[in-house]
Novice: 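Quick one: structure below, then a few questions.
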4 protein chains.
Amino acid sequence: MPRTAGATKARDKEARILAAAVRVFARQGYHGSTMATVAAEAGVATGTIYLYFERKQDLLVTLFQRHFNEYLERSRPALAAAPVGVERLRLLAELHLAFFAEDRALASVFQIHIREPDPVVAEGIRPSMAAYFDLIGDVIGTGVEAGAFAPDLDVRLARQVFFGALDETVTGWLRSKRTFALMSALDPVVGILARGFGAPSTGDPS
Amino acid sequence: MPRTAGATKARDKEARILAAAVRVFARQGYHGSTMATVAAEAGVATGTIYLYFERKQDLLVTLFQRHFNEYLERSRPALAAAPVGVERLRLLAELHLAFFAEDRALASVFQIHIREPDPVVAEGIRPSMAAYFDLIGDVIGTGVEAGAFAPDLDVRLARQVFFGALDETVTGWLRSKRTFALMSALDPVVGILARGFGAPSTGDPS
Amino acid sequence: MPRTAGATKARDKEARILAAAVRVFARQGYHGSTMATVAAEAGVATGTIYLYFERKQDLLVTLFQRHFNEYLERSRPALAAAPVGVERLRLLAELHLAFFAEDRALASVFQIHIREPDPVVAEGIRPSMAAYFDLIGDVIGTGVEAGAFAPDLDVRLARQVFFGALDETVTGWLRSKRTFALMSALDPVVGILARGFGAPSTGDPS
Amino acid sequence: MPRTAGATKARDKEARILAAAVRVFARQGYHGSTMATVAAEAGVATGTIYLYFERKQDLLVTLFQRHFNEYLERSRPALAAAPVGVERLRLLAELHLAFFAEDRALASVFQIHIREPDPVVAEGIRPSMAAYFDLIGDVIGTGVEAGAFAPDLDVRLARQVFFGALDETVTGWLRSKRTFALMSALDPVVGILARGFGAPSTGDPS
DNA sequence: GATGAATGAGGTTTCATTCAT
DNA sequence: CATGAATGAAACCTCATTCAT
């Protein structure tokens, strides 16, 4: 039990540091933030961060992995449970937007600050991103196979279009300083994408 | 004539510095690059850069403005000359992709390094980006008015989807290290987008 | 205790840095000195100075304040204990000269290098200097009130004459590279000043 | 004659540069001024300054020498014509104060900026200053010999007191931002100094 | 003589990272 | 585990001085 408690306490501190990093990076940018500032925000000493993370870059990488893998693992079964095709595509878009709508600071870090050309960061992020692209590809691909989307749809490109559209929607939302609710973009965007992928017009009382 | 010659020579050196900056930033990233490296690449002394640019950030900003405004000014008349609707949309996508396909280093800088949270950089880039979004909005909006796209299309969102899709296409192309020709994505992507915007299915002799 | 010890240690290092700054500034001048040189002289890393002082200018300002305020606080009670009039004036002059005679490097910094037109330096020095002028004014003013000096003496000007005379005496001593003992100027200078202020000729058994 | 005209023109430009230097140094301090700023103020190109002055320091030195030697040469005969003793001392003080009262920018440069620890500057200034101290010493010495001042007056110290008193008067005037006319200090200060040097009380109807 | 673009050495300051306590 | 003082490399930027025109 003590060991568990210890491990838990350690996990807690690590989590506190990561949460602090999100807030600080969102506020000042990755390069504009110092380890000292993150430490202060987390309420720990500067050196303490290095007990949990080897380098500054690992804050960004771990941050991303923790949140994004949780998102992936949460999303996979939910998607599997949804009907193949437009509905599943819609759920994926909903999960994507909801993920960012729920935490603006995290959204800011993910959309802007994590896109570092730094090789360590890029490398640390790549696997999860690849998994996400695979997931998107699955959702679209199964839709194609089920006849929900155009049979000649280039799944590789379609998933890029899908991700790009949602990504830019989130970025635009951040840019606009919250003048609209991010989730309000869900249906129109999915409408465009689904139609673009060749789904029969929905909402159409044919 | 001497003054003209002088001005020309100055422009030349400025251009040489900017070209060097593109190469260096593409190679090492903005934060990974030093003024000394850029200067060496340009074949001038470090201090010389400061005769043409006040700060390091101005390299990025000027770089962007020069290339992107030229792109905008070149595109506007070309678009105006193209038939409203899908064809004009296709031309816009073509210009967009061609712009990046033609200079990989520049593409790299535009897609990755220029997205700096640094306020000076962000502020310097905003006007041109806003103008581009307006241009995209025009292309889509005129299409809607002409009945080429769905009458209830949300132009604001549509242009975000359009930009996001193309942007991600370019990014994916950069990520893939040239395993495919960027221009080969043009037709499939435009196909998806046009259909998504409610254009009647093209190429289909149904 | 540990906190006290820590604070003490910190004070020690700060003091070591300041002492090094005095030596280096005296030797090479303020503008001729680099933070690296001061750090080396203090036996610390360059960056360490910035843990104790925000800017290079603060070295000069803090240096001055530490020494001069100590001088002021030490002098005030001593002066209050001396008989009003010439004797008190003499003590003030003695304290002034002794202050510089005791540490030639410090004298050099105070007489030459601290007179920086730099606003930060000037501003940091002003309050202590104003307090000193007030103190001089008190010594002369009480003398006037007590009838020890001419009743129509302009105290404002008199204190300027007093300070100027001593200041130049110290500067002259520094210029002369120690060919005479600074303290040997005490009695002649005080003699001139006291007589000039209207004190009855002393030592003269007329 | 053309050669003379050329030399004259050259002298003019040199004078313009020096005048510009006075203004710029007074405004921004010696170290806060750049050769480019001085050149701009003088209406010449940066490089032109180097046709007339070898180094930045020479601006300060030449500046000083020009004005101060003129002051010395003008003062010597005037002093010789004045009655030995208090009157001559008073004239010297008057010339000194008038010299500064007439050009505030020059006063600022002389009182503050010229006191550079820089060896080139210090060396360039020394001879003129030594000559001035000799002159002061002459005025006081002849007074002593003539019985106008105390026979046991230490001329070396007295001239230091004299110079220090006037110097601080000018500095105080500069510090006070002109709240009083510098010349108004002449009589009180000379009164103190003359009495201090052992002159029989003046204005006293003994 | 005059210009002003170019040079490049050099300084202040920052900050990721370490390590003695 | 935690601390935070210390490190020192590195970078941006300035500016006195030069020199081709």
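By convention in this document, chain letters (A, B, ...) are assigned in the order of the sequence lines, proteins followed by strands, and residues within each chain are numbered from 1.
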Novice: For D:E54 and F:dT17, what is the distance between atoms CD and P respectively, to the nearest whole Å?
Specialist: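 The answer, rounded to whole Å, is 10 Å.
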Novice: Do any side-chain nitrogens or oxygens of C:K13 fall under 4.0 Å of OP1 or OP2 in F:dA6?
Specialist: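 For C:K13, the contact criterion (side-chain N or O under 4.0 Å from OP1 or OP2 of F:dA6) is met.
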Novice: Pick the closest DNA chain E nucleotide for C:K56 and for A:G47 by heavy atoms, then say which residue is nearer the 5' end.
Specialist: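 Going by which nucleotide is closer to the 5' end, it is C:K56.
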Novice: Return the value, rounded to whole Å, for the distance between atom CZ of A:F53 and atom P of E:dA16.
Specialist: 15 Å
Novice: Under 4.0 Å, heavy atom to any atom of DNA chain E: which of residues 27-39 of chain A qualify?
Specialist: A:S33, A:T34, A:M35
Novice: Hey, which sits more toward the 5' end of DNA chain F by its nearest nucleotide, A:T48 or D:Q57?
Specialist: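 It is A:T48, whose closest nucleotide lies nearer the 5' terminus.
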Novice: Of the nucleotides E:dG4, F:dT7, E:dT7, which has the atom closest to the D:T46 side chain?
Specialist: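 Looking only at side-chain atoms, D:T46 lies closest to E:dG4.
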Novice: Please state how far atom CG in B:D12 lies from atom C1' in E:dA5, giving the value in whole angstrom units.
Specialist: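 Taking atom C1' of E:dA5 as the reference, CG of B:D12 is at 14 Å.
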Novice: Just jot down the ring pair (Phe, Tyr, Trp, His ring centres under 6.0 Å) partners of D:Y50, sequence neighbours excluded, or say none.
Specialist: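 Not a single residue meets the ring pair (Phe, Tyr, Trp, His ring centres under 6.0 Å) criterion with D:Y50.
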Novice: Take atom CG of A:L51 and atom C1' of F:dA2, then tell me their distance rounded to the nearest Å.
Specialist: 7 Å
Novice: Let me know the distance between CD1 of C:I17 and P of F:dA6, rounded to the nearest Å.
Specialist: 8 Å
Novice: Rounded to the nearest 0.5 Å, how far apart are CD1 of B:I17 and CD of B:E41?
Specialist: 12.0 Å
Novice: Just N and O in the side chain of B:Y52: are any of them under 4.0 Å from OP1 or OP2 of E:dA6?
Specialist: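 For E:dA6, OP1/OP2 do have a side-chain N/O of B:Y52 under 4.0 Å.
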Novice: Just the dot-bracket of DNA chain F, please: which string comes out with Watson-Crick or G-U pairs under 3.5 Å, [ ] for crossing, | for another strand?
Specialist: .||||||||||||||||||||
Novice: Atom OH of A:Y50 and atom C1' of E:dC19: how far apart are they, to the nearest Å?
Specialist: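 The answer, rounded to whole Å, is 13 Å.
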Novice: Should we count CD of D:E54 as having more than 12 external heavy atoms under 6.0 Å?
Specialist: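 Result for CD/D:E54: open.
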Novice: Please determine, by modelled atom types, if B:E116 and B:H31 share a side-chain donor-acceptor pair under 3.5 angstrom.
Specialist: yes
